[in-house]
Structure formats: C-alpha cells, structure tokens
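Positions are given from 1 along the sequence.
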Amino acid sequence: MKKHPLHLTLSGGISWKSLTMILVVSSQLLCCSKEKAPALRDEVWVPQYIEASKIKEIKSIGVQETQHGGKIYAWNTYLFQLEPLKGIHIYEIKNNKPVPHSFIQVYGAQEISIRNGVLYTNNFKDMVSLDLSTINNVKEISRIKEVFHTAQTNLPPEHGYFECVDSRKGIVIGWERKQHIHATCKY
C-alpha cells in the first residue's frame with residue numbers, strides 16, 4: 001500500500017495525523033470540561049428572601065432581635081427603630097428606658113415618620129400609612145403606589161464573596177453572614 005507523501009510515522013508507529021487528532025480532542029476535553037464546583041468559603045454573605053406574593057403583607061408581630069438597627073423616631077411613650085428592609089421595632093419607654101414591645105413587619109422599609117397617630121413608611125416603592133391607635137395591632141389605612149424610586153440592590157452590605165442572588169427564590173430583603181458556603185460571586 002502506497003503512503004501519502006505527507007504521512008509521516010513517529011517512532012513507535014503513531015502517525016503525525018493520529019497524534020494531531022489525539023492532541024486536538026484532548027485539548028477540547030480539557031478546555032470544555034464541566035465547570036468546577038464553587039469554592040467552599042470560610043465566611044460569605046448569603047441573601048435572605050421573601051416570596052414576591054408576601055412583600056405587601058404588613059402586620060404586627062412579636063419582638064424581633066435587632067440585626068441592623070437604623071433610624072430612631074420617638075412618639076408619645078414609644079420609640080420606633082427601623083430594621084432596614086424588614087420593618088420597625090417598637091419600644092415602650094418605661095422609667096426613661098426603652099423596653100422591647102413589638103415589631104411591625106414592613107418589607108422594604110427604609111424611612112419613617114409619625115404624625116397625629118399615623119406612621120408613614122415605605123413598603124419598597126409604595127408609601128403606606130399605618131394606624132397606631134392600637135399599637136399591638138397596627139393596620140394599614142392607605143397606600144400610594146410607586147412613590148419611592150428605591151433601587152433594590154442585590155449586593156451585600158460589604159465587599160467580598162457572596163452567594164449569588166437567585167431571583168427564583170424571591171426578593172432579597174437582607175443579607176446574613178454564614179460560614180462554609182460555596183460561593184462564586186464577588187463584590
């Protein structure tokens with residue numbers, strides 16, 4: 001059988017053509033292999049979610065632990081402290097000391113004001129008015145839609161690695177630090 005003039009054989013009987021094919025196929029396998037699993041990180045930010053259908057639910061609930069306490073507003077014998085994006089802590093002032101009383105769940109809350117027994121805050125982009133006449137059972141009395149142009153950020157409060165936001169899980173209402181998490185996103 002006559003060999004093609006460019007058909008060269010390496011020692012050991014492998015042709016250049018065969019070797020080239022082996023190198024091409026193996027380089028494709030190496031460069032196109034499945035993505036490695038995200039690195040396990042010592043400490044990362046992890047998003048906290050709420051279902052989109054629940055973001056407009058406003059209600060009084062029991063005392064909650066302050067995680068990222070914000071602005072404070074005094075009214076009558078009460079102090080109100082924002083818990084950004086989650087709601088408002090209510091403290092009753094007894095003997096000049098604030099005593100935890102309850103919590104108003106208002107997702108997206110970033111501002112607060114009170115006038116004539118009505119608390120005004122935002123529920124993400126909507127302005128809501130809440131009746132404080134029954135402090136243990138605060139009720140929404142009005143809502144003006146799309147008043148605030150707040151940007152919903154999907155970034156954690158500090159730079160570093162974080163678990164990527166998955167919009168299928170809901171709307172981000174906060175971030176918490178967790179240890180030994182697989183994370184690929186970095187801010």
Establish, from distance only, whether the side-chain atoms of Gln64 and Lys86 form a donor-acceptor pair under 3.5 Å.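 On atom types as modelled, these side chains do not qualify, holding no pair under 3.5 Å.
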What heavy-atom pair brings Val63 and Ser102 nearest, and what distance separates the two atoms?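 Of all heavy-atom pairs spanning Val63 and Ser102, the closest is CG2-N, 3.8 Å.
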Quick check: closest heavy atoms across Gln110 and Leu82, and the distance to 0.1 Å?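 Closest pair (atom of Gln110, atom of Leu82, distance): O-CD1, 3.2 Å.
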Applying ring pair (Phe, Tyr, Trp, His ring centres under 6.0 Å), name anything that partners Tyr187, two or more places apart in sequence or on another chain.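 Counting only residues at least two positions away or on another chain, Tyr187 forms a ring pair (Phe, Tyr, Trp, His ring centres under 6.0 Å) with His159.
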Identify, with sequence neighbours excluded, every residue that meets ring pair (Phe, Tyr, Trp, His ring centres under 6.0 Å) alongside Trp45.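 Trp45 satisfies ring pair (Phe, Tyr, Trp, His ring centres under 6.0 Å) with no residue once adjacent residues are dropped.
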Reported [atom1]-to-[atom2] distance for the pair [X] and [Y], which is rounded to 0.5 angstrom:
| X | Y | atom1 | atom2 | answer |
| --- | --- | --- | --- | --- |
| Ile104 | Glu83 | CD1 | CD | 13.0 Å |
| Glu146 | Lys125 | CD | NZ | 5.5 Å |
| Trp175 | Glu163 | CH2 | CD | 8.0 Å |
| Leu79 | Ile88 | CG | CD1 | 13.0 Å |
| Ser133 | Asn116 | OG | CG | 12.5 Å |
| Glu51 | Ile171 | CD | CD1 | 10.5 Å |

With [X] via salt bridge (Lys or Arg N to Asp or Glu O under 4.0 Å) - residues at least two apart:
| X | value |
| --- | --- |
| Glu111 | Lys71 |
| Lys178 | Glu176 |
| Arg115 | none |
| Lys186 | none |

[X]: what forms a side chain to side chain donor-acceptor pair (under 3.5 Å) with it, not counting sequence neighbours?
| X | value |
| --- | --- |
| Thr134 | none |
| Thr77 | none |
| Ser113 | none |
| Asn122 | none |

Verify, without hydrogens or angle tests, whether [X] (side chain) and [Y] (backbone) share a donor-acceptor contact under 3.5 angstrom.
| X | Y | result |
| --- | --- | --- |
| Arg41 | His182 | no |
| Asp42 | Gln179 | no |
| Thr121 | Ile112 | no |
| Tyr49 | Asp166 | yes |
| Tyr73 | Gln81 | no |

Once salt bridge (Lys or Arg N to Asp or Glu O under 4.0 Å) is applied, what residue pairs with a partner in residues 126-143 remain, sequence neighbours excluded?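 Only Lys56-Asp126, Asp126-Arg143, Glu140-Arg143 qualify under salt bridge (Lys or Arg N to Asp or Glu O under 4.0 Å).
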CD (Glu65) with more than 12 external heavy atoms under 6.0 Å: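 Not buried by this count: 12 neighbours or fewer within 6.0 Å.
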Step through the shown structure and confirm whether more than 12 heavy atoms of other residues, nucleotides or ligands are within 6.0 Å of CD1 on Ile144.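 No, CD1 of Ile144 has 12 or fewer neighbouring heavy atoms, counting only those of other groups under 6.0 Å.
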Please assess Phe124 against Ile173 for the test side chain to side chain contact (heavy atoms under 4.5 Å, CB included), listing each intermediate value before the final yes or no. CA-CA 10 Å; Phe124 286 102; Ile173 58 164; 4.1 Å; yes
Beyond-backbone contact of Leu40 with Ile181, side-chain heavy atoms, under 4.5 angstrom: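 No, side chains not in contact.
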Can you tell me which residue pairs pass the ring pair (Phe, Tyr, Trp, His ring centres under 6.0 Å) test with a partner in residues 80-119, sequence neighbours excluded?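 Residue pairs with at least one partner in residues 80-119: Tyr78-His101, His89-Phe103.
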